[in-house]
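Quick notes on the structure that follows.
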There are 2 protein chains.
Amino acid sequence: MTRFPFKRLQSDLAVLISNTPAGAQLPSEPKLSKQLGVSRATLREAMRMFEAQGLLRRRQGAGTFVVGQVSVLDSGLEVLESLETMAKRLNIAVSVSSLRIEQVYADEELAEGLKVPKATKLVSISRIIQSEGRPSAYLVDTLPEDFLNPEDLPSDFNGSILDFLIDRGSPLTFSRAAISATGATSSVARALEIQRQDVLLKMTSQLFVADGSVVDYAVGSFIPGYFNFHVIRRVGGEQTTDKPE
Amino acid sequence: MTRFPFKRLQSDLAVLISNTPAGAQLPSEPKLSKQLGVSRATLREAMRMFEAQGLLRRRQGAGTFVVGQVSVLDSGLEVLESLETMAKRLNIAVSVSSLRIEQVYADEELAEGLKVPKATKLVSISRIIQSEGRPSAYLVDTLPEDFLNPEDLPSDFNGSILDFLIDRGSPLTFSRAAISATGATSSVARALEIQRQDVLLKMTSQLFVADGSVVDYAVGSFIPGYFNFHVIRRVGGEQTTDKPE
DNA sequence: TTAGTGTCACTGGTCTGACATCTGAACCTG
DNA sequence: CAGGTTCAGATGTCAGACCAGTGACACTAA
């Protein structure tokens, strides 16, 4: 007996949706709820989330339909998750190639990003994300060697340091991601099979743990169009109104 | 009597959330459902959507909380503010030039962004931000004409529609900003005094009001280096492991 | 024939009321 | 005063009901 139907439901629904052709109709809510072993209310809550992500479209009286799979990764940045997790959640196929793990020493940028002295021993993990058979992102994580021993990585390491750290139970707290745009350097251009100076979206992240130190400095270069990051911005300022009661 | 409680609910909830200090607790579901005039089931469906956007966090047994930012944020994107306000807060001198207000009709992009029919009458406000004596950003806001009458703008209008709307007391709730990178089109390149195809950071925002409609579709093109946007990404809930059955 | 209309099974939309499980603080106890 | 217990109240889940929109079908009238 699973204790939290909702979580299982999410995966089950994700599978169901990904196995349903775009535009096709899902079974009706009563049928689905029976089939998935949850109440209709719980099923509907889960469906709302997929609807919010644009994967489902519901029409009263007609049915629930799987919306045409968009091939872009469109996701909010509020919650920290790996590209792999994001892709899985959105049911988009991505693969990793050119995974490389090597030892490096902190240069100026890395030293500042990780808040360590220059020339500190570091581990660098780089990889290329392929989407629709094309390289679409180039990611480099760099961590202090005393925080991550390359030999700790599992043999089936999928490339996502973040997922590994979460699994390992590291006391991660939050990540600070700076967003900019840049032209491709020659090495990145080669990796992504684009021209030098082609436009790239660049995201530089510092991953913080509980004691305030930085354990991962990540630089991601994304080809525009494959990824669509967004963020919800709250209207700030005067907290006007009355307390609800 | 509204025929679809859900839509109204979304707006009411958005208002409530934006008027609640970060970290504060929302009323309990039974209270809220009564207060908002819907059933608890419907309320929960709506809450799921806000949870998916990262605005709410729910803990069984404890309550529902408005997600708060981590204390570090400096010029993050979490809080919606105009460039002018941001610059003022960071004590950076910026000036506005080439302020232009004109009437346009919705093309495909604007229609989708503002959720209005094509060819709807709109007001477009464009301006160039100068920083350190150089153009550094090109901003275009577009609003439905029936929401903003150009003649309502004060004579000393500084170019920031957002600040004006806040002043006017419009029931703004939140903004959804999509972030990408692009090469400069010829018109933008001319405005910013750069070369065509030079790299730009592009931010496209939809500004929502209480009733769920979009009142401002904004496109900003930023020269990298002058602005440094960042966002705090919190480590996700108590994920991640899926149940092995 | 054909356009219109009514029926009806089936869809998602909403509500009610109940029970389960978890949390946190107040309350006991030794 | 430390530690265990109780309990009100929070979210999580459920079953069952009715409402409202859809679309296929049969039927009817011009």
key: Value in whole Å for how far the P atom of D/dG12 lies from CD of B/Glu45   = 14 Å
inquiry  = B/Ser39: which residues meet the side-chain hydrogen bond (donor to acceptor under 3.5 Å, both in side chains) condition with it, sequence neighbours left out?
reply    = B/Thr42
What's touching nucleotides 10-12 of chain C from the protein side, N or O pairs under 3.5 Å?
from, atom 1, to, atom 2, distance (Å)
C/dT11, O2, A/Gly61, N, 3.1
C/dG12, OP1, A/Thr64, N, 3.4
C/dG12, OP1, A/Thr64, OG1, 3.1
C/dG12, OP2, A/Glu29, N, 2.8
C/dG12, N2, A/Gln60, OE1, 3.2

note = When rounded to whole Å, the CG to C1' distance for the pair A/Leu43 and D/dG16 reads 16 Å
remark   = Sorted by chain and number, sequence neighbours left out, salt bridge (Lys or Arg N to Asp or Glu O under 4.0 Å) with A/Glu151 holds for none
ask   = Got a sec, which residues hit salt bridge (Lys or Arg N to Asp or Glu O under 4.0 Å) with A/Asp141, two or more places apart in sequence or on another chain?
value = A/Arg127
query = What pairs with A/Glu112 under side-chain hydrogen bond (donor to acceptor under 3.5 Å, both in side chains), at least two apart in sequence or on another chain?
reply = none
message = Quick test of your reading: applying salt bridge (Lys or Arg N to Asp or Glu O under 4.0 Å), list the pairs with at least one residue in residues 26-42 of chain A, sequence neighbours left out, ordered by first then second residue.
response = A/Glu29-A/Arg40, A/Glu29-A/Arg44, A/Glu29-A/Arg58
ask   = Is there a side-chain polar atom (N or O) of A/Thr42 under 4.0 Å from OP1 or OP2 of D/dC14?
value = yes
message = Just the rounded figure in Å: distance from P of D/dA10 to CG of B/Leu56.
response = 16 Å
request  = For A/Gln130 and A/Ser95, indicate whether the former's side chain and the latter's backbone hold a donor-acceptor pair under 3.5 Å.
outcome  = no
